[in-house]
Structure formats: C-alpha cells, structure tokens
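Let me begin by presenting the structure, written as structure tokens, before commenting on it.
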Amino acid sequence: MNLTTKNRLFIYFVLFIALTIDAFNFSSGFQFIKPSAVLLVLVYWNMALPDKVGITTALFFGMLVDFLEGSLLGIHPMLFVFITYLCQRFFYQFRVIPFWQQSFFIFIICFLSKLALALDFLNTNLEKSNMSDSSYLLTAFIYGIISAFAWPIVYFICRNFRRRFIKI
Amino acid sequence: MLRKEHKVSNISSEAIFAIPTMKPIKVLVSLVFCTLLLLSDIYYQSSDYLRSYGKDIIIPIVYLSEVPSRSIKTAQKILSSRKNMNSEMKSLKEKNLKLQIINQQIAELIIENKKLESLWDIANLDLSGYQVVKKRFLSSNDLVPTLTADINQSEVIVKIDDAVFGSAGLIGKVLLISTLKAEIMLIQDPKSLVPVISSSSRVHSIAQGSGIGRLGKLNNVKKTSKYSLGEILYTSGLGDIFPAGFPVARIVKITDRPDNNYLDISIEFISNPLNEDLFLIYTGSKNR
C-alpha cells in the first residue's frame, strides 16, 4: 500500500474512534457538555499534519456528525470546514505556543461552535433568530472549558499515535 | 517524493514549515456547498431521506461505543460468585412477586378505569399497536434534542408521526425511519407543537418546547382563558397525531403583560428522556 494512503487511513481510523467516543450516550446532563472528540482530533490533525487532512475530511466527518446528532444537514460540515481553515491558516503559530494558550484557542473554537448550533435556521421563534438563552450560554461556556481541559489529553494520545504509526 | 510535498517534510514530521497553507477558494467553494445543503434541508427537507440511511451507516459506530460498558457488565457478571447470584435470585424472586401483585392491582385499576370511562380513555387504544423501543442516542444539542431508538419493523410497523411515550407520559413523535432506527422529535424541541387540553379548566391550546431542561410555552392563549398554576395538560387528540388523554406538561407560570395580546404561559414538561432507556411507540392511530 502507498505510504500516503496508509497515513490517511490511520488518520481516518483515529477520527472514526473519536466518532465512536462521541456516540457514547450519557444519561445525565453531561450529555450536553461533553467535549466533541471529533472536533478536537480534527484540530489536532490539522495542526500536526496539515498536508494530510483538509476540506474533504472536514466535510465527510461533519456530515457523519450531522447524521449522528440529527441536526440540520450542513451545519457541522460548515463549522468543521471553517475550523479546518482557521487551523491550517494559523498552524505555524499554533504549534509553537504554550499548552495553556492552545487550550484557550480550543475554548474559543468550542464556545463559538456551540453558540453557532443555537442559530434558528427553521424560524421556530419569530421573535428572535437565535434560540440560545442564559442557560445555553452557560452550557456553551462549560462545554468550552471542558474541551479546553480535554485538549492536552487528546494532544498527547494523538501525538503518540502519530509517532508510532505514521511514517513520513 | 510525492507531488505537493516539499523536501523538508520528508526528513521529519516536525519540519513542516514548507507546507503551503490551504487555498481560500477551496474553503469558499466548500462553504457554498454547505450553505446549499442547509438551504435544501430547510426548504425541501432533503436530509430526511439522507439522514435515515446515514443513521444505518453509522450503526456500527454506535454499537462500538457500547462495547466498553457491555464488557464491564459481562466481566462483573462472570466475577460475581454463586453465593451472590443465589442471594440476587432470592431478592429478584421477591421483587417478581411484588411486581406480580402490583400488576394485578394495575389490571384491576385499568378495569375500573374502563368502567368509569375516565379521561385516560385507554379503552379506545389498540394495545397491540405499541412497540417497545430502546434509546440508542440522544443528541448533545439540548436546544434541538433528537432521540434515536432501535425499532423492529417486523414486530409492528412504525410510521412517521407515530406518537412516542415514556413512563411519565408523551415523549414525542417519530420524525424519520430507517431500516433499524427511528429518529424521534421530542416534545421539548422548539419545532414540536402538541395540541393539549387542561385538566380542570378544559381549555384547548398548543404546547411548544424550548429545549431540554427549559420551560416550554403555550401558544396564543387568550387573556380570558382561565388557566391555573399547577394544572396538568393532557394531549387533546386534535390533529390525529397524538392519542388523547396522555399527560404532557404542567403549568408553572402565568404572566399577563399589558403589551401582549395573549397570556404568557410557561409549562414544565413531565417526561424527561434523559433518565429513561425504554419507550413505547404507538402505531395505532386510526385516522391517519
């Protein structure tokens, strides 16, 4: 098998594992604040190997997340493409900054993406275009914080995987 | 050396400073594609077909996510001693006896209810038209919650818009069906509209959700309506989607604002899909 194909397969394999983690069902409020493993892993690969992942990966996994979550088709691919672009545009800077700054960047990304999911595309409420309220804002904030704390764990796991299995 | 790869990137994975950044035109094209997907879904519900089959595609992933918890449970079962199992069996037998007594009492109550022709109107429902389904996944977006459950089409044929019940009352309705799964729109979803009737004042209205863990509302209620706090709202059966007489919500707040033509009524939904694993899909609505 071609080395590039092999590497891509490994990356897709990790993303599928992340999707499996996301499919895990919690029977409490944690279900709504659990970090999105697919998003974190996608950010990692965009940062670590930007030439191996790109728009297609973001679109494909975005659609799978849409299928899983039952959300409006296209909302997750759009978010993932935008985040992929941001990561690839700034990966030079992102790779060299300290961990706490990387985590802060992750917090911003996750917080904003959670807020974007509250946009009322179907006009369910005629008075406003956004379904979020103070409680949702708090949920998005906690989601961002938990994702920021989860980032170092995802980073080290993916880095070990990359060093062991991905040959360049 | 492969095309598009710089010499430096072949030396070490750390030396990535020669990789060109992504072209903005690619991003723009894909964003336009995503917008088209969104628009087609909003105006033509294009994803209904795609999503139902998409759910079938990701079934293995959902099953895989259950492997750790199932293996832990199996290991616990194997490790538990015979003595523990015997005592467990004894307690289970006692529980079974209690349940049998409770079942007998329930059966008697149902007979009494039928005789009294109570609000529940259970006599009019076809009990063979129910299917017990297991919760498989609840979306992580609490504002637009959707529930995915396993269905068995060979047992009872589940259709779109069939009502779904939990232990406390109405949960939602079937939104999409695939070969093995059904996507359920919960009553807490802002898109969900349930025709309801109040328990004591007998006023009809429409209940709308605002997300899980949030208060819902009653739409367009006239200021002359005599609702009272704590009143239970039941399905009215209007619209022939939900059968009549099942508890939906409780009135928790009534506000009469002078600048509003209608009453602001906040409701608390009785059912909570977070704490339940098994649901009933009612497939016996006659007028659809």
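In what follows, chains carry the letters A, B, and so on, assigned in the order in which the sequence lines appear, proteins first and then strands, with residues in each chain numbered from 1.
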B:Arg136/B:Glu66 ion pair, N-O < 4.0 Å:
yes
Report the distance from atom NZ of B:Lys217 to atom CG of B:Asp264, rounding to the nearest 0.5 Å.
8.5 Å
Chain A shares the most heavy-atom pairs under 4.5 Å, among B:Leu143, B:Asn141, B:Leu37, B:Val29, with B:Leu143
For chain A, which candidate among B:Leu39, B:Asp142, B:Leu31 shows the most heavy-atom pairs at distances under 4.5 Å?
B:Asp142
Which word best sums up how the rings of A:Phe141 and A:Phe107 line up, parallel for under 30°, tilted for 30 to 60°, or perpendicular for over 60°?
perpendicular
Does a donor on one side chain sit under 3.5 Å from an acceptor on the other, for A:Tyr44 and A:Arg162?
yes
Do A:Lys6 and A:Phe165 make a side-chain contact, defined as non-hydrogen atoms from C-beta onward lying under 4.5 Å apart?
no
Structural part of B:Thr35 lying under 4.5 Å from a heavy atom of chain A:
both
By side-chain hydrogen bond (donor to acceptor under 3.5 Å, both in side chains), A:Gln101 pairs with (sequence neighbours left out) none
Where does B:Ile212 contact chain A at under 4.5 Å (heavy atoms): side chain, backbone, both or neither?
side chain
Going by side chain to side chain donor-acceptor pair (under 3.5 Å), name the pairs with one or both residues in residues 61-70 of chain A, residues two or more places apart or in two chains.
A:Asp66-A:Ser71, A:Asp66-A:His76, A:Glu69-B:Ser140
Answer with side chain, backbone, both or neither: which region of A:Leu68 has an atom nearer than 4.5 Å to a non-hydrogen atom of chain B?
both
With chain A as the partner, which of B:Leu64, B:Leu138, B:Thr148 has the greatest number of non-hydrogen pairs under 4.5 Å?
B:Leu138
Could you pull out all donor-acceptor pairs under 3.5 Å where a side-chain atom in residues 163-171 of chain B meets a protein atom, sequence neighbours excluded?
residue	atom	partner	partner atom	Å
B:Ser167	OG	B:Glu276	OE1	3.3
B:Ser167	OG	B:Glu276	OE2	3.4

Ion pair present between A:Asp22 and A:Lys34, side-chain N to carboxylate O less than 4.0 angstrom?
no
B:Tyr43 portion near chain A, given a 4.5 angstrom heavy-atom threshold
neither
With a 4.5 angstrom heavy-atom cut-off, is it the side chain or the backbone of B:Val27 that approaches chain A, or both, or neither?
both
For A:Ile83 against A:Val43, the heavy-atom pair lying closest together
CG2-CG2, 3.8 Å
Residues of residues 174-190 of chain B contacting chain A, heavy-atom criterion under 4.5 Å, by residue number
B:Glu183, B:Pro190
